[in-house]
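Contents: one structure, followed by commentary.
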Number of protein chains: 2
Amino acid sequence: MPTARDVANRAGVSQSTVSRVLNNHPHVRPETRKRVLDAIAELDYHPNQAARSLVTQRTGSIGLVVGDIRNPFFAETAKGIVDTSRSYGYRVVLCTTDNQDTLQSEAIKLLRSQEVDGLIFGSVRMDDAEVLALIESGFPCVLYNRVLKTDAGSYVVLDNRKGARMATEHLLKLGHRRIAVLTGSRQFSTFAHRLEGYSEVLREYGIPVDRHLILDHQAYAADRIGTLRRLLGQRRPPTAIFALTDDYALQVLDTLAELDVPVPEGMAVVGFDDIRIAGHSRIGLTTVAQRKDLMGRLAVESLMELITARAEGRTPQPIRLVLEPQLIVRRTCGAQR
Amino acid sequence: MPTARDVANRAGVSQSTVSRVLNNHPHVRPETRKRVLDAIAELDYHPNQAARSLVTQRTGSIGLVVGDIRNPFFAETAKGIVDTSRSYGYRVVLCTTDNQDTLQSEAIKLLRSQEVDGLIFGSVRMDDAEVLALIESGFPCVLYNRVLKTDAGSYVVLDNRKGARMATEHLLKLGHRRIAVLTGSRQFSTFAHRLEGYSEVLREYGIPVDRHLILDHQAYAADRIGTLRRLLGQRRPPTAIFALTDDYALQVLDTLAELDVPVPEGMAVVGFDDIRIAGHSRIGLTTVAQRKDLMGRLAVESLMELITARAEGRTPQPIRLVLEPQLIVRRTCGAQR
DNA sequence: CTGAAAGCGCTTACAG
DNA sequence: CTGAAAGCGCTTACAG
């Protein structure tokens, strides 16, 4: 592999000048610049990034930490994150954690060992002490999708409470009074906030929140048929299920089909996220849409601001962006009957 | 940030000894080791990766180059690639190209500037001169999913011809004689090989390949309704459509629904890939399954072998792995009527 | 406008 | 078993 020294020798200049040309410094004679550029082309020279990082103290990479990249929500936001990073000249290291703490710790090590300039977290738990400590140490990081309980740090999230309010109110207006909800762990702010929105609206309509209508996804996943059969076998069974992610909603549609419950006639179903497949004619899922591309873009732009601030020795204010949800009415809620 | 020098001072040893402990060298007195380890813990020291890379000439990262991470096939293989890489202590830099050459060139620069030790390509064109040159230069890289026309380099692919044969033969055995095929660009080996399998079987059954039954996805995408309407309006319209990816098949199901053509009664549909949603009760897509997790794992293992060989100065033989397809019969083909 | 020198933070022979 | 020194390949003041 050719080095800057090889280029310098070939162009008959010093290594400093090669570096100046490479970094577009002013004060290089056009003729000198051309000689260097020619030598670079002739040798097919590419500067060694490690050497560069070592002296500049920046890597040009960021880390993206998500639970599971196969989850369409994360795949769709990842697209925006990679594209926007590239526009800033940044690379993205993909870290998947399967929601395991040890794997998240590994991702955090990337920052500590200066392999990345910043970190974007998509699947943080509300009480995550490690991420909280990282933020408080002033390391550049941005949360998206989910936030910490303390509201610490910079983040880009949907107004999840509002989104859940919209979905619940939509079902109420369609006449539903017994609305079940399928939620994930309340350790995640997404579920906690969506559940709050759901409960709020019910109360505003004078409907008590019935804990028999709150299904935990973990229990459901362990026995789908049994869980839904029990739900439907209640004295006053629900007429609608609000699944707090589209992924959950797809599973519910699956189980209802197995139980021969027609949707929406026998049961209305609403999801959350508006992943691509939700709009497919065979699915037609009514759901709450998030601007996933925008969320990814804003997360990167926020992180870039934090990284720049740190490099300039500033202590930046946290950046907190809350995006607007949008209700997408399709077939599974029954509104289009 | 603390450095190895800080650790050395605190432990009362030299920097060399710190390095030895860090790299698990033998010949370090247990007591000395402990002192160093304690100092590392007290200072929360993490070795600077750039400095390490500079001297070891390895980065501990690989690049994953795919067209679009939102494509479930790539998201699902990416999972296997990230997990396996981690088991080797490697990080994954995610490069998405949108099938643009300039973006693929950028990914290749990562290798030239020694930001990654190797590259895994998921979306290579058959006639890609740049990737071919890279392989011939001996840079560690592995293709998966798609290969080059010259069959150069190391790769992990499905036996696409065989997969297409299985799907086509299945339709023939169901009595279909007019089978349309929806293909992507033949510049990609996946489509070229699947198309070959399709044509082969037809010929073996004494059925001429009718070019009016070969639909290009680009034309279809531009006017879905019109394209299918024209297909169905032929004198002898097809009774089945073989979409060469599940993504295409989902689109076909969508368009057929708009045209009020019942599946499978009015039209049988078969896909390729077996992405997760294909098995959903609302979709029930008959398709050719690929072991996407396995493919990702094997791609990384192959790349690790190439990287190791190169580091040891060996010139390794290309590694060529061809995986077996599996036909998954669901509802859209009509076999389960 | 250009070059010589120092230094980023590690690892690795080479001594001892 | 341990340390002093060199060097990986760049960038960046500092001179001139």
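Here is how names work: the chains are called A, B, and so on, in the same order as the sequence lines, proteins then strands, and each is numbered from 1. Model, not experiment: these values are computed from the prediction.
- Nearer to the 5' terminus of DNA chain C, by closest-nucleotide assignment, is the contact made by T17(A) (compared with the other of T17(A) and R20(B)).
- Within the structure, every pair that satisfies the salt bridge (charged side-chain N to carboxylate O under 4.0 Å, His left out) test and touches residues 91-100 of chain A, not counting sequence neighbours, is listed here: R91(A)-E115(B), D98(A)-K79(B).
- Comparing R33(B) and A51(B) by the nucleotide of DNA chain D that holds the closest heavy atom to each, the one mapping nearer the 5' end is R33(B).
- A salt bridge between R10(A) and D38(A) is absent, with no side-chain N of the basic residue lying under 4.0 Å from a carboxylate O of the acidic one.
- Nearer the 5' end of DNA chain D, as judged by each residue's closest nucleotide, is the contact made by R29(B), out of A50(A) and R29(B).
- Ion pair R86(B)/D83(B) flagged as a salt bridge, since at least one NZ, NE, NH1 or NH2 atom sits closer than 4.0 Å to an Asp/Glu carboxylate oxygen.
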Which side-chain N or O atoms in residues 299-308 of chain A pair as donor and acceptor under 3.5 Å with protein atoms at least two apart or in another chain?
residue, atom, partner, partner atom, Å
E301(A), OE2, R297(A), NH1, 3.3
S302(A), OG, L298(A), O, 2.7
T308(A), OG1, M304(A), O, 2.7

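- A donor-acceptor contact closer than 3.5 angstrom is absent between the side chains of S189(A) and R146(A).
- Residues from residues 54-61 of chain B placing a heavy atom under 4.0 Å of any atom in DNA chain D, listed by number, are L54(B), V55(B), Q57(B).
- Between D128(A) and K149(A) there is no salt bridge, since no side-chain nitrogen of the basic residue lies less than 4.0 Å from a carboxylate oxygen of the acidic one.
- The closest side-chain donor-acceptor pair between D117(B) and Y90(B) falls under 3.5 angstrom.
- With sequence neighbours excluded, no residue satisfies salt bridge (charged side-chain N to carboxylate O under 4.0 Å, His left out) with D6(B).
- Nucleic acid contact for T32(A): sugar-phosphate only, since backbone atoms but no base atoms lie under 4.0 Å from a heavy atom of the residue.
- Contacts between chain B and DNA chain D, taken as any atom within less than 4.0 angstrom of a protein heavy atom, begin and end at dC1(D) to dG9(D).
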Item to complete: List the steps, then state whether side chain to side chain contact (heavy atoms under 4.5 Å, CB included) holds for M126(B) with F191(B).
Response: CA-CA 10 Å; M126(B) 284 180 89; F191(B) 296 117; over 6 Å; no
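- Heavy atoms of T3(B) sit under 4.0 angstrom from primed sugar atoms or phosphate atoms, though from no base atom.
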Discussion item. Under the criterion side chain to side chain contact (heavy atoms under 4.5 Å, CB included), I'd like the reasoning laid out for V93(B) against S61(A): C-alpha separation, chi angles, the key distance, then a yes or no.
Written reply: CA-CA 9 Å; V93(B) 177; S61(A) 294; 5.7 Å; no
Discussion item. Using side chain to side chain contact (heavy atoms under 4.5 Å, CB included), reason through K34(A) and L37(A) one step at a time and then give a plain yes or no.
Written reply: CA-CA 5 Å; K34(A) 184 175 169 354; L37(A) 255 17; 5.6 Å; no
Discussion item. Once pairs are restricted to Watson-Crick or G-U wobble with both distances under 3.5 Å, how does DNA chain C read as a dot-bracket string, [ ] for crossings and | for other-strand pairs?
Written reply: |||.||||||||.|||
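- Among the heavy atoms of the strands, none lies under 4.0 Å from V18(A).
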